[in-house]
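A quick write-up on the structure given underneath.
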Amino acid sequence: MEEYAREPCPWRIVDDCGGAFTMGALGGGLFQAVRGFRNAPSGLTRRFQGSVAAVQQRAPILAGNFAIWGGMFSTIDCTLVHFRKKEDPWNSIISGAATGGILAARSGLPTMATSALIGGVLLALIEGIGILFTRMAAESFKQSAPTFAEDPSQLGGPPQYNQ
């Protein structure tokens with residue numbers, strides 16, 4: 001099975017930004033549809049109209065916010081890959097912390113520090129779970145070392161003759 005290969009860095013930013021926008025649009029559309037349905041006046045037609053109106057108004061905003069987060073995260077990640085000359089979990093953790101801090105910069109230093117800490121911890125958990133699953137999957141494919149008998153005739157193969 002072929003392993004997923006990531007795009008090279010300049011294109012990775014566009015790819016991640018588009019993926020985050022799509023995820024925000026789909027998830028936001030679903031969430032806003034339920035929210036609009038519940039908050040609309042009674043009657044199935046009114047509830048359906050409320051659901052559609054909520055999706056039209058709020059889902060694009062949420063999708064844009066996701067795209068901003070994804071684009072900034074990928075930009076910082078690619079910058080770290082360029083300067084550190086390696087791709088490892090630390091790049092993602094630092095990128096998550098920096099993205100959280102930068103996006104909360106307008107709210108003041110305490111909020112910025114809290115958001116950076118939450119972003120770093122969240123990405124550390126995601127990376128840690130990814131590493132854990134990779135190791136668990138690798139153990140299931142681990143090959144045991146072959147055991148050899150001292151006398152080859154005990155293996156059940158053809159007898160070995162000395163010349």
Side-chain heavy-atom pair Asp77, Arg12 within 4.5 angstrom cut-off: yes

What one should report as the nearest heavy-atom pair of Ala33 and Ser51 is O-OG, 2.9 Å

Given Ile76 and Ile102, is the side chain to side chain contact (heavy atoms under 4.5 Å, CB included) satisfied, shown in steps? CA-CA 11 Å; Ile76 294 169; Ile102 291 169; 3.9 Å; yes

Heavy atoms only: give me the nearest Pro89-Glu127 pair and the separation to one decimal. CB-OE1, 3.6 Å

Nearest 0.5 Å, please: how far is CG in Asn65 from CD1 in Ile61? 8.0 Å

Spacing of Ile93 atom CD1 and Asp88 atom CG [to the nearest 0.5 Å]: 8.5 Å

Taking every heavy atom of Val55 against every heavy atom of Gly29, the minimum-distance pair comes out as CG2-O, 3.3 Å

Ignoring hydrogens, what is the shortest heavy-atom contact between Ser95 and Phe73? Give both atom names and the distance. CB-CE1, 3.5 Å

Grouping I, L, V, M, F, W and Y whenever their side-chain heavy atoms are under 4.5 Å apart, do Met23 and Trp69 come out in a common cluster? no

With rounding to the nearest 0.5 Å, note down the distance linking CD in Gln57 to CD in Gln32. 9.0 Å

Quick check: closest heavy atoms across Arg84 and Asn91, and the distance to 0.1 Å? NH1-OD1, 2.6 Å

Here the gap from Leu103 atom CG to Met72 atom CE, rounded to the nearest 0.5 Å, amounts to 4.5 Å

To the nearest 0.5 Å, atom CD1 of Ile13 lies from atom OG of Ser74 at 6.5 Å

Looking at side-chain heavy atoms only, is the closest gap between Thr45 and Phe48 below 4.5 Å? no

Residues Leu44, Phe37; criterion side chain to side chain contact (heavy atoms under 4.5 Å, CB included); working and verdict: CA-CA 9 Å; Leu44 193 57; Phe37 187 83; 4.2 Å; yes

Between atom CG of Leu62 and atom CZ of Phe21, what is the distance when rounded to the nearest 0.5 Å? 10.0 Å

Taking CZ in Arg47 as the centre, count heavy atoms belonging to other residues, nucleotides or ligands within less than 6.0 Å. Is the count above 12? yes

What are the two closest heavy atoms between Ala40 and Gly50, and how far apart are they? CB-CA, 4.1 Å

